[in-house]
Number of protein chains: 2
Amino acid sequence: MPYFDAASAAPLHPVAREALLASLDEGWADPARLYREGRRARLLLDAAREAAAEAVGCRPDELVFTPSGTHAVHSGVSGVLAARRRAGRRLVHSAVEHSSVLHAAEVHEAAGGTRAEVAVNGAGRVAAGDVAAALTGDTALVAVQSANHEVGTEQPVEEVAGLCQEAGVPLLVDAAQSLPWGRVPGAWSVLAASAHKWGGPPGVGLLVVRKGTRFAPQGPADERESGRSAGFENLPAIVAAAASLRALRGPETSAEAARLRTLVDRIRTRVPELVPDVEVVGDPVHRLPHLVTFSCLYVDGETLLGELDRAGFSVSSGSSCTSSTLIPSHVLRAMGVLSEGNVRVSLPYGTAEAEVERFLEVLPGLVRSVRERLGVPAAPAEAPEAAAPQGAPAGTAAEPADLVVDALGRRCPIPVIELAKVIGRVPVGGTVTVLSDDEAARQDIPAWCTMREQEYVGERAAERGAAYVVRRRV
Amino acid sequence: MPYFDAASAAPLHPVAREALLASLDEGWADPARLYREGRRARLLLDAAREAAAEAVGCRPDELVFTPSGTHAVHSGVSGVLAARRRAGRRLVHSAVEHSSVLHAAEVHEAAGGTRAEVAVNGAGRVAAGDVAAALTGDTALVAVQSANHEVGTEQPVEEVAGLCQEAGVPLLVDAAQSLPWGRVPGAWSVLAASAHKWGGPPGVGLLVVRKGTRFAPQGPADERESGRSAGFENLPAIVAAAASLRALRGPETSAEAARLRTLVDRIRTRVPELVPDVEVVGDPVHRLPHLVTFSCLYVDGETLLGELDRAGFSVSSGSSCTSSTLIPSHVLRAMGVLSEGNVRVSLPYGTAEAEVERFLEVLPGLVRSVRERLGVPAAPAEAPEAAAPQGAPAGTAAEPADLVVDALGRRCPIPVIELAKVIGRVPVGGTVTVLSDDEAARQDIPAWCTMREQEYVGERAAERGAAYVVRRRV
């Protein structure tokens with residue numbers, strides 16, 4: 001059963017499993033104690049720290065283990081911001097950071113700090129120059145991920161790090177997605193990562209603070225992990241995490257990366273050929289080897305994920321319907337791309353080519369059946385005979401130049417489907433106004449216009465939700 | 001090799017080991033995902049929560065898993081204090097709470113809150129009435145442990161909880177030490193515990209917030225664990241923690257508690273018979289079944305622990321020399337008891353009686369040899385012929401009524417040994433003044449006076465350290 005969601009959590013690496021089992025017997029005691037069980041635990045902890053530091057490319061005394069990548073990010077952000085309070089209270093971060101960075105930024109803002117978001121291009125990549133331009137005199141910290149968790153786009157961290165260094169501002173790199181594939185290059189100051197992304201067990205994150213970086217841990221501390229991560233060390237898991245990361249630094253990893261890159265290239269090429277109305281998103285060149293994301297027009301992401309699951313494929317999605325808040329992914333929003341019918345495929349180490357081929361076989365039929373159930377005509381834009389949408393207050397034959405589609409109370413992808421159904425009923429130059437209270441419409445109606453070469457006029461306030469105006473161009 | 005430090009970390013329970021292994025294969029995926037691996041992980045997480053809640057005696061939706069007991073305490077304290085900010089900013093806690101509570105209290109104080117410490121008696125127990133008396137109108141939270149981690153004394157939490165409830169103030173119970181032995185009774189509001197204290201793996205704590213308790217999680221949050229504990233769930237460890245806690249709720253546990261209580265009683269009785277100048281500390285009745293602490297006069301705790309380790313016994317200590325800060329345990333200080341030569345024995349589940357007997361066999365010889373190496377006379381107080389301490393500026397035969405002992409720069413237990421050596425050289429009614437810059441002297445000189453029925457006059461400021469004045473009474 002192919003599991004294609006390595007970017008959420010990778011299955012346990014065999015080396016991690018072995019190390020975990022061995023250290024359950026050797027590493028359960030308190031490494032701060034002086035008796036033999038404690039000394040044994042301390043040796044394991046020290047060795048794990050050295051192995052992890054070597055894999056990261058830092059000194060062992062720069063690296064502490066945290067309970068998760070999320071904790072590493074939260075502690076890293078708050079520790080630098082507190083230490084550099086006199087320099088300023090401004091946090092600069094890319095618009096596509098992981099939610100852990102955004103949550104830390106929100107807390108900073110709530111406490112009186114300021115933040116600036118650096119925009120990304122349509123492929124989800126920041127320009128190093130844009131980061132540099134955001135470095136005002138009161139900037140305390142910059143946070144830029146090494147690679148994006150949703151679309152796989154790699155960021156120019158080495159270049160950003162150089163510019164930050166010139167400006168004397170520390171750079172925190174969330175390396176959760178890229179660390180399995182190699183070290184993060186450049187003069188970054190702080191790095192955060194998460195073991196369960198590389199096949200280590202959950203319960204282990206890495207926080208690296210390079211020497212010379214001002215750092216003041218926040219919140220209650222204790223004497224563990226240099227005062228940077230409180231609580232009894234999760235030792236067997238730490239040992240397993242370090243062992244599996246070290247294993248990934250062998251020569252096989254670059255061969256495996258190349259192999260997965262080929263499989264991902266095949267998905268990037270074949271999906272748009274096999275499935276109509278698909279947008280592959282993310283940078284085609286600067287990208288993680290194992291991750292590809294695409295969005296399917298007129299498709300409900302949750303239903304498609306369910307169909308894929310029934311067909312044996314585990315993938316994830318940034319569509320609003322798959323989120324508890326019914327808000328589409330902030331990454332897709334920042335990129336200005338379609339969010340409906342979104343599918344992220346992230347291949348675990350060792351994925352068989354046949355699994356990818358099988359995915360390409362079943363996907364077109366599943367998308368087709370989801371669209372059929374949603375009542376999407378085969379070629380929606382060219383269907384002037386399409387029935388007026390249920391509850392539409394306007395759109396009669398007498399006034400074809402300006403149609404209003406009432407999609408209030410209806411969720412993604414219905415507003416876009418209703419738009420597509422009626423666009424052919426207004427003449428070129430005429431407009432369709434979609435009334436919608438679904439958050440995804442704000443993102444997907446403009447994205448649809450770009451894909452369909454129609455003009456997105458803009459959004460107007462409405463009594464309920466918003467009114468999105470589209471002018472027919474083709 | 002007998003490991004007698006279960007209060008630091010218990011070896012992995014066989015049930016925990018089995019559950020951990022099983023869930024490594026079933027529970028590595030993200031429980032928030034909707035595909036089969038995610039659903040499997042979610043089922044495991046839900047079942048673990050139900051099992052843990054049943055063992056604690058709460059509803060499953062009142063319990064979240066945290067990365068450690070320390071995190072549970074930190075989050076519990078800050079969450080209640082923030083939610084009850086309007087009620088007041090006063091935190092009341094016993095003087096013998098775990099350092100995690102004290103660290104959280106320090107952070108609260110640094111942020112402008114206030115705190116009040118409730119004193120304990122010589123056995124380390126708070127009086128419920130003293131807690132009630134501390135409940136001013138602006139008290140936001142009370143924190144009282146269920147049992148002390150260093151001396152095993154049980155606190156009257158049920159009574160305290162009742163009084164807090166009457167006053168409308170929530171009570172947080174740090175149940176880390178007692179939860180392995182049973183539920184915490186009473187109307188507490190918040191409970192924290194740590195899995196590696198009951199034979200679960202490290203990396204798992206419990207935070208229980210009873211319905212109706214105002215609670216506002218602090219710091220960056222995410223959608224996991226009801227927003228009360230951020231970061232990817234440490235699932236295999238959570239499953240193992242819950243399974244082992246449930247296993248401890250079987251009928252064998254009370255039988256085992258009774259058996260260990262007998263072994264501890266034997267240590268409590270025999271150690272003072274076998275070793276001269278020993279003080280057994282902690283409540284003899286209201287106590288954990290498996291834990292006993294005693295202090296040996298004229299003994300260096302670190303050396304004694306090293307000797308015990310060489311003899312195969314792993315124990316811990318609250319002596320200053322075993323702490324990185326060279327400050328004696330705050331618990332022993334709050335109790336006003338001797339801190340030098342301190343030994344904590346905490347028996348793991350299943351400890352063999354023969355191991356305890358063997359401990360009683362080797363201990364007297366080890367203490368004797370440590371004392372011999374420190375130059376302690378067989379009966380120090382009755383040794384008027386003892387040599388004047390090295391570097392002592394006073395204490396000549398010409399002025400025997402008031403001796404000054406210079407122990408500056410010398411660590412515990414030397415200042416007390418020097419005092420004991422010369423007390424016989426002043427007449428009854430005369431004084432010995434000990435100059436010391438060792439923090440332990442502040443605690444151990446008065447404690448020695450109590451044990452020796454001498455009068456502790458008090459402490460005077462000195463150019464370096466302090467001058468401790470003792471009047472000879474016997």
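So that the names make sense, note that chain A is the first sequence line, chain B the second, and so on, each numbered from 1.
- Across all non-hydrogen atoms, the minimal contact from B/P67 to A/P67 is CB-CB, 3.2 Å.
- Taking all atoms of both residues into account, the shortest heavy-atom contact from A/A29 to B/A9 is CA-CB, 4.3 Å.
- Heavy-atom distances place no part of A/A110 under 4.5 Å from chain B, backbone and side chain included.
- Looking at every heavy atom in both residues, B/S8 comes nearest to A/F232 through O-CE1, 4.3 Å.
- The residue among A/L102, A/T70, A/V73 with the most heavy atom pairs within less than 4.5 Å of chain B is A/T70.
- A donor-acceptor distance shorter than 3.5 angstrom exists from the side chain of A/R36 to the backbone of B/G312, with no hydrogens or angles considered.
- Proximity of a side-chain donor or acceptor of B/R33 to a complementary backbone N or O of A/D5 within less than 3.5 Å is not detected.
- Looking at B/A111, there are no atoms closer than 4.5 Å to chain A (heavy atoms on both sides), in backbone or side chain.
- For chain B, no part of A/I238 is nearby; none of its heavy atoms comes within less than 4.5 Å.
- B/Y35 has its ring centre less than 6.0 Å from the ring centre of A/Y3.
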- Output, in order, the C-alpha distance, side-chain angles, deciding distance and verdict of side-chain contact (heavy atoms from CB on, under 4.5 Å) for A/L34 and B/D309. CA-CA 8 Å; A/L34 301 173; B/D309 177 47; over 6 Å; no
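- Within the 4.5 angstrom heavy-atom criterion, only backbone atoms of A/L235 (N, CA, C, O) approach chain B.
- Here B/D222 contributes atom CG and A/S100 contributes atom OG; the two are 8.5 Å apart, rounded to the nearest 0.5 Å.
- Only the backbone of B/A221 comes within less than 4.5 Å of a heavy atom in chain A; its side chain stays farther off.
- For a residue to count as touching a neighbouring chain, one of its non-hydrogen atoms must lie under 4.5 Å from one of that chain's; by this rule A/S314 touches chain B with backbone and side chain alike.
- One finds the CD atom of B/E223 at 9.0 Å from the OG atom of A/S323 (value rounded to the nearest 0.5 Å).
- Of the two parts of A/R17, only the side chain, counted from C-beta on, holds a non-hydrogen atom closer than 4.5 Å to a non-hydrogen atom of chain B.
- Contact count versus chain A (heavy atoms, under 4.5 Å) is highest, among B/A104, B/G231, B/P11, B/S194, for B/P11.
- Interface remark: of the candidates A/G219, A/G203, A/S68, A/P236, A/G203 forms the most heavy-atom pairs closer than 4.5 Å to chain B.
- Proximity to chain A (any heavy atom under 4.5 Å) is shown, for B/A230, by both the backbone and the side chain.
- Contact of A/V315 with chain B is made through the backbone alone, with heavy-atom distances under 4.5 Å.
- Contacts of A/A10 with chain B are made by backbone atoms alone, with heavy-atom separations under 4.5 Å and no side-chain atom involved.
- Contact count versus chain B (heavy atoms, under 4.5 Å) is highest, among A/E37, A/E233, A/Q218, for A/E37.
- Taking A/D25, A/L20, A/T66 one by one and counting their heavy-atom pairs under 4.5 Å with chain B, the maximum is reached by A/D25.
- Within a 6.0 Å radius of CD in B/E106, other residues, nucleotides and ligands contribute more than 12 heavy atoms.
- Chain B forms the most heavy-atom pairs under 4.5 Å with one residue out of A/T325, A/L305, A/L21, and that residue is A/L21.
- Partners of B/H93 under the ring pair (Phe, Tyr, Trp, His ring centres under 6.0 Å) rule, at least two apart in sequence or in another chain, do not exist in this structure.
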